[in-house]
Amino acid sequence: MSIELQESIVREIVENIKENWDRLTVNIEIDDIDGELVSSDESDTWQGETSEEFDLTFEASEYFENLRDSMAQFDKESRNWTICDLEILSDGNYKFNFSYDKPPRLSELG
């Protein structure tokens, strides 16, 4: 299930970027703050050394939340990741990295 969700995330992001790019990067933090699921992302397109911010679509954000829930089901301690870094290359390769650390941007809210 998580591979399909990862592919859905990548597809949703790539299909909604209109400018030329070599690489896309997304850093998304998702955490439960006072009983409410809160997220924050920093997303950039890269053309060589030049970057430009872009906004995740609502659908991409929902896919990230679903991926988080799905992965927690397979975690021995039922933990949810709090930080996901995604890099997508224009050749179609992509890489997800997950962390269970305290999310820095969201920590400022709690």
[Y] and [X], any side-chain heavy atoms less than 4.5 Å apart:
X   : Y   : answer
I13 : F54 : yes
R68 : L37 : yes
E7  : I3  : yes

Among pairs that include at least one residue of residues 88-104, which meet salt bridge (Lys or Arg N to Asp or Glu O under 4.0 Å), considering only residues two or more places apart or in two chains?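 Pairs touching residues 88-104 that pass the test: none.
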Using 0.5 Å steps for rounding, measure from the [atom1] atom of [X] to the [atom2] atom of [Y].
X   : Y   : atom1 : atom2 : value
N20 : T45 : CG    : OG1   : 9.5 Å
Q6  : F96 : CD    : CZ    : 4.5 Å
L56 : I9  : CG    : CD1   : 9.0 Å
E4  : S70 : CD    : OG    : 9.0 Å
S61 : N66 : OG    : CG    : 11.0 Å
R11 : I88 : CZ    : CD1   : 11.0 Å

Check the pair S39, F64 against side-chain contact (heavy atoms from CB on, under 4.5 Å), reporting the backbone distance first and the verdict last. CA-CA 10 Å; S39 69; F64 274 109; over 6 Å; no
Indicate if L86 and W81 have the same hydrophobic cluster label, given that clusters are the connected sets of ILVMFWY residues with side-chain heavy-atom separations under 4.5 angstrom.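 Result: yes, single cluster for both.
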With a 4.5 Å cut-off on side-chain heavy-atom distances among I, L, V, M, F, W and Y, is there a chain of contacts connecting I33 to I83?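 Per the 4.5 Å side-chain linkage, I33 and I83 are not co-clustered.
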I'd like a table of donor-acceptor pairs (distance under 3.5 Å, sequence neighbours excluded) in which one partner is a side-chain atom from residues 21-32, with atom names and distances.
from: D22; atom 1: OD2; to: G48; atom 2: N; distance (Å): 2.6
from: R23; atom 1: NH1; to: E87; atom 2: OE2; distance (Å): 3.4
from: T25; atom 1: OG1; to: W46; atom 2: NE1; distance (Å): 3.1
from: N27; atom 1: OD1; to: R105; atom 2: NH1; distance (Å): 2.9
from: N27; atom 1: OD1; to: R105; atom 2: NH2; distance (Å): 2.9
from: N27; atom 1: ND2; to: D85; atom 2: OD1; distance (Å): 2.6
from: E29; atom 1: OE1; to: R105; atom 2: N; distance (Å): 3.0
from: E29; atom 1: OE1; to: L106; atom 2: N; distance (Å): 2.9
from: E29; atom 1: OE2; to: R105; atom 2: N; distance (Å): 3.2
from: D32; atom 1: OD1; to: G35; atom 2: N; distance (Å): 2.9

Residue pair F98, L67: steps toward the side-chain contact (heavy atoms from CB on, under 4.5 Å) verdict: CA-CA 11 Å; F98 302 96; L67 177 63; 3.9 Å; yes
Take a 6.0 Å sphere around CD of E19 and say whether it holds more than 12 heavy atoms from other residues, nucleotides or ligands.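 For E19, atom CD is crowded (more than 12 foreign heavy atoms under 6.0 Å).
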When you look at CG of N93, are more than 12 heavy atoms from neighbouring residues, nucleotides or ligands closer to it than 6.0 Å?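 It does: N93 CG has more than 12 such atoms within range.
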Side chains of E12 and T57 only: does a donor on one sit below 3.5 Å from an acceptor on the other?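 Present: a donor and an acceptor within the cut-off.
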